[in-house]
Amino acid sequence: MDSHPAWRVALLDLDGTLCLGTHAIPGAPAFVERLRRRGMQPVFFTNNATRTPDEVSAMLRACGIACTAEEVCTAAQAAAHVLAKQFERGACVAYIGMNGLRQALEVAGLMPIAMDDAAEAQRRVRAAVMGLDRAVTYPKLAWFCRHVERLGAYVLTNGDLRVPMEDGFVPGNGAIGKLVTATTGIEPYVAGKPNKAFVRFALQRFGASEAEAVLVGDNLATDIAAGRSAGVYTIWVGTGVTAAPAVDETGVVTPDARCDSVADLFR
Ligand SMILES: [Mg+2]
């Protein structure tokens, strides 16, 4: 299919759309180049909150996809943005997560607090946020749950239940969030896809309206749902986690267009 002349920004999912693990999907580097030649701004729009924008862009460049850190928009940034709007500068935020989330909180002017920080810092915690932490432990979860119960709220960077890997899958941040919710009885605010606020956050950064954007992704429940609810044209690609949307079992999310791979798009 071809692009629409109104589109200035392309929100591109990463895993299952442009890459699989740390390998580019065939044709993805050339697809991103085609976007640029047509004057469209690619935005690398990911629910993965573990990596910093620098780490994401380095990973994409290693796959052959031209990318700068400024073009990366992560669910960790969206979560930090939500908290920075709600709390004053320097507010202490208890977090479970990796580099991507810690740095996003710092850049947003918040003070990330971990389990090992001093009791005085723990007493000043105003909010709690969780992203995927591949070194999460039972003591860390217990510590986090106590903050969540006291605060009565928490933020999840993203609610993905499982993360596809080259050799199968691993539990995602949403699955670990289920543990926190089961323990505390408190439901999270989910900052990443399918939250339309994440789409708006990305578009605002690049000064584009919904009508000037297109979203490309492989996951009906996150990518396509986010685009549809934000009012952005959505294209589903068949290289990732969700089976072809010919039959929509949920009855809710149908992409505006579909194709086998980004290799076929905008040629
Ligand atoms: Mg994906």
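In listed order, ligands and their atoms are each counted from 1. In this text the structure is predicted, and so the values were computed from the model without any measurement.
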> Within 45° of the axis and under 6.0 Å from the centre of the six-membered ring of F169, does NZ or CZ of R162 qualify?
Replying inline: yes
> Of all residues at least two apart in sequence or in a different chain, which pass the side chain to side chain donor-acceptor pair (under 3.5 Å) check with R34?
Replying inline: none
> When the ring planes of H147 and W143 are compared, do they come out parallel, tilted or perpendicular, using 30° and 60° as the limits?
Replying inline: perpendicular
> Ignoring waters, how many protein N/O/S atoms are under 2.8 Å from the Mg ion (ligand 1)?
Replying inline: 3
> Between Y189 and N195, does any side-chain donor sit less than 3.5 Å from a side-chain acceptor?
Replying inline: yes
Could you give the side-chain donor-acceptor pairs of residues 15-33 under 3.5 Å, partners two or more places apart or in another chain?
| residue | atom | partner | partner atom | Å |
| --- | --- | --- | --- | --- |
| D15 | OD1 | G21 | N | 3.2 |
| T17 | OG1 | D13 | OD2 | 2.9 |
| T17 | OG1 | D218 | N | 3.2 |
| T17 | OG1 | D218 | OD1 | 3.3 |

> Can you name the side chain to side chain donor-acceptor pair (under 3.5 Å) partners of D116, sequence neighbours left out?
Replying inline: none
